[in-house]
Amino acid sequence: MNKPVKLDVANLGPNPQDKIITNLKPQIIYIPLEDKSGLTYNHLVKEGDYVYKGDIIATSKDNFPIHASVSGYVVRGEVKTIATGQKVKCLVIENDFKEKYRTTTGSKRNLSNYRKEDFLELLKTSGIVGLSGSAFPTYQKYQTKNPKLLIVNAVECEPYLTCDKALIYHQVEYLLEGIDAILDIMQIPRAIIAISENDFISAEELNKYIGTYPNITVMSVPSKYPCGWERELVKLVVNQKYHQTPSELGIITNNISTIYAIYEMLKYHRPLTERIVSLIGNNFTKPINIKVKIGTNMGEILPKIKEYHPKEDTIIIAGGPMMGTNIPTTDLIVTKDLNGLIITSNYHEKPMTPCIKCGKCSEVCPVSLIPNEIIKNINNPSMLKKLKPNRCIECGLCSYICPAKIKIRDFVIKAKKEVKND
Ligand code: SF4
Ligand code: SF4
């Protein structure tokens, strides 16, 4: 595993101390029936049906649910763009703005008052997934046998994104309460919250309250990329490596925004239907963090955001500058994995030149791939397989470092798909 890299980028992200703007009133909600991994969902409702907020309206073949994030009528099906740039079929719900739940349960005073089995079941039925961009179902992580450590990932090493940091600044007490409850329910002896060493705001907020929780500590990790990548983070925190998943070491890792979703699930029995997205780029008078409903069409709400001033000749990136994907439209549907949206103009990329075989892409690749060889063999399936592009974590370091400005990551992702489909 190569060493993480200090990125040379300006701090253009939203200030985590600024208010998180909420925009929870979209007219129309689009619920994609396919996720970024290609997993499809069968809809359980049809045109004309009334749905309550939090109703399960579609499930995957292993019964992982998708919920309605508003109450209202299902009006049609429509194809829309998601963060990968793919166009997928969506269920369209017209919001009646009543925010009606089918059943209401009061808030729970004692968050730990759950049996382990019920907690696992609730994680699944509430549709909780990793909110750092992975969208991996969280209940699967908690199936770890005899867990001995919970690592809470608040490193947020992707430049410009500050959703997690904003959550720590604004909701630190709830986050700590949530972690404490998880430790109790799952009988995990301790938790470590990992933050970036230059994240003084989070450190200060956490240190104000952490004394009340003897089993929770804060640890700083180098402010390098990709220190927030699960494998790198586990190595930094416990100085141990794992083969497939951290569960081999008795470790569960969770992103801090996911912890907040778990807190709301435990407290209010609410499924995951909202998330924070960082909006960045020179089409905004200032970068902001905005809380939106899953299924919101950014194209509908952007004109209502006072900081948004669309310009000509924009590039649009769903996600952050390293791991994000160029997409052709602002008509982007918010999914659980969408942590940022960059809209910027007058962006002049240096022209791409031929590979000079400097080897820098291999030097930085955290999973020790040889990206320039992958590009060379993009049309040679048997050789491609041997180069293992499927191990790529899509971190974007190869493209970042390449002096020839080759969009290496895009090629490797293409190769990854080809190997998968082979
Ligand atoms: S994007 Fe993939 S190939 Fe490129 S450095 Fe990251 S892991 Fe390696
Ligand atoms: S970093 Fe760019 S120029 Fe250097 S070997 Fe890799 S692809 Fe070629």
Side-chain angles (χ1 to χ4, degrees), residues 1-8 34-40 81-88 130 132-136 140 157-159 224-235 241-246 248 315 317-328 337 349-422:
M1 207 189 290
N2 289 321
K3 289 213 165 94
V5 175
K6 182 99 197 154
L7 297 179
D8 182 20
E34 187 177 330
D35 69 17
K36 65 177 196 177
S37 68
L39 183 68
T40 53
T81 305
I82 57 169
T84 51
Q86 288 160 280
K87 289 188 160 205
V88 302
S132 60
S134 72
F136 185 77
Q140 292 183 13
C157 59
E158 171 98 22
K224 291 185 178 174
Y225 185 81
C227 284
W229 171 42
E230 188 175 65
R231 197 172 280 276
E232 184 64 34
L233 186 64
V234 169
K235 196 182 95 191
K241 291 182 186 174
Y242 59 84
H243 185 56
Q244 298 275 358
T245 67
E248 296 155 27
I315 61 156
I317 298 172
M322 298 296 286
M323 296 191 76
T325 307
N326 278 60
I327 54 168
D337 56 311
E349 261 184 320
K350 285 195 187 141
M352 195 165 95
T353 57
C355 171
I356 55 167
K357 300 191 177 67
C358 65
K360 285 188 175 167
C361 50
S362 328
E363 274 168 34
V364 293
C365 178
V367 288
S368 306
L369 296 179
I370 314 173
N372 56 325
E373 283 296 314
I374 292 176
I375 299 176
K376 210 166 92 190
N377 289 287
I378 199 86
N379 295 319
N380 180 349
S382 59
M383 191 58 199
L384 209 53
K385 223 173 183 171
K386 288 186 195 148
L387 291 164
K388 300 192 172 18
N390 51 313
R391 283 174 34 203
C392 171
I393 59 162
E394 304 182 14
C395 68
L397 270 176
C398 47
S399 303
Y400 167 81
I401 209 82
C402 177
K405 297 289 157 213
I406 300 169
K407 291 188 170 149
I408 310 173
R409 176 177 172 265
D410 294 356
F411 283 103
V412 182
I413 291 174
K414 185 168 176 264
K416 196 173 165 178
K417 281 187 190 143
E418 270 164 34
V419 167
K420 195 175 162 193
N421 296 336
D422 189 19

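Small disclaimer: the values here were computed from a predicted structure and weren't measured.
What you find for Pro321 and Pro159 is that their closest heavy atoms are CD-O, 3.1 Å. Smallest separation of non-hydrogen atoms from Ile327 and Ala83: CG2-O, 4.1 Å. In this structure, Pro354 and Ile406 approach most closely via the heavy-atom pair C-CD1, 4.3 Å. The two residues Met352 and Lys407 have their closest heavy-atom pair at SD-N, 4.1 Å.
Of the inter-residue distances, the one linking Ile374 atom CD1 with Ile413 atom CD1 reads 11.5 Å to the nearest 0.5 angstrom. Annotation: the span from Glu363 atom CD to Cys398 atom SG amounts to 13.0 Å, rounded to 0.5 Å. Between the CG atom of Leu384 and the CG atom of Asn379 there is a distance of 9.0 Å, given to the nearest 0.5 Å. Taken to the nearest 0.5 Å, the CG atom of Leu7 stands 8.5 Å off from the CD1 atom of Ile401. With rounding to the nearest 0.5 angstrom, the OG1 atom of Thr84 is 9.0 Å from the CG atom of Asp35. Separation of atoms CG (Leu39) and CD (Glu34) is listed at 8.5 Å; rounding is to 0.5 Å.
Contact annotation: the side chain of Arg391 approaches that of Ser368 to within less than 4.5 Å [non-hydrogen atoms, C-beta and beyond]. At least one side-chain heavy atom of Trp229 sits less than 4.5 Å from a side-chain heavy atom of Val367. With a 4.5 Å cut-off on side-chain heavy atoms, Pro366 and Glu232 do not count as touching. Contact check for Ile375 versus Cys355: no side-chain heavy atoms found under the 4.5 Å cut-off. A heavy-atom distance below 4.5 Å is not found between the side chains of Cys361 and Cys402. Contact of the Val419 side chain with the Lys385 side chain is registered, since non-hydrogen atoms from C-beta on lie closer than 4.5 Å.
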Task: Ser362 and Leu369: CA distance, side-chain angles, deciding distance, side-chain contact (heavy atoms from CB on, under 4.5 Å) verdict - done: CA-CA 6 Å; Ser362 328; Leu369 296 179; over 6 Å; no
Task: Trace of the side-chain contact (heavy atoms from CB on, under 4.5 Å) decision for Tyr400 with Val364 - done: CA-CA 10 Å; Tyr400 167 81; Val364 293; over 6 Å; no
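Other residues, nucleotides and ligands contribute only 12 or fewer heavy atoms inside 6.0 Å of the NZ atom of Lys87. Applying the 6.0 Å contact sphere to CD1 of Ile370 captures no more than 12 heavy atoms from other residues, nucleotides or ligands. Residue Lys241 qualifies as open at atom NZ: its count of foreign heavy atoms under 6.0 Å is 12 or below.
Although no hydrogens or angles enter the test, the distance criterion places no donor-acceptor pair under 3.5 Å between the side chain of Tyr225 and the main chain of Leu397. Looking only at distances, a side-chain donor or acceptor of Ser399 sits under 3.5 Å from a matching main-chain atom of Ile408. Side-chain atoms of Glu158 come within 3.5 Å of backbone N or O of Met322 as a donor-acceptor pair. Put simply, the side chain of Asn377 never gets that close to the backbone of Asn380: no donor and acceptor are under 3.5 Å apart. Listed for the Glu248 side chain is a donor-acceptor partner under 3.5 Å among the backbone atoms of Gln244. Side-chain atoms of Arg231 come within 3.5 Å of backbone N or O of Tyr242 as a donor-acceptor pair. Side chain of Arg409 to backbone of Met323: a donor-acceptor contact under 3.5 angstrom is found.
For the salt bridge (Lys or Arg N to Asp or Glu O under 4.0 Å) test with Glu394, the passing option among Lys416, Lys414, Lys417 is Lys416; the others fail.
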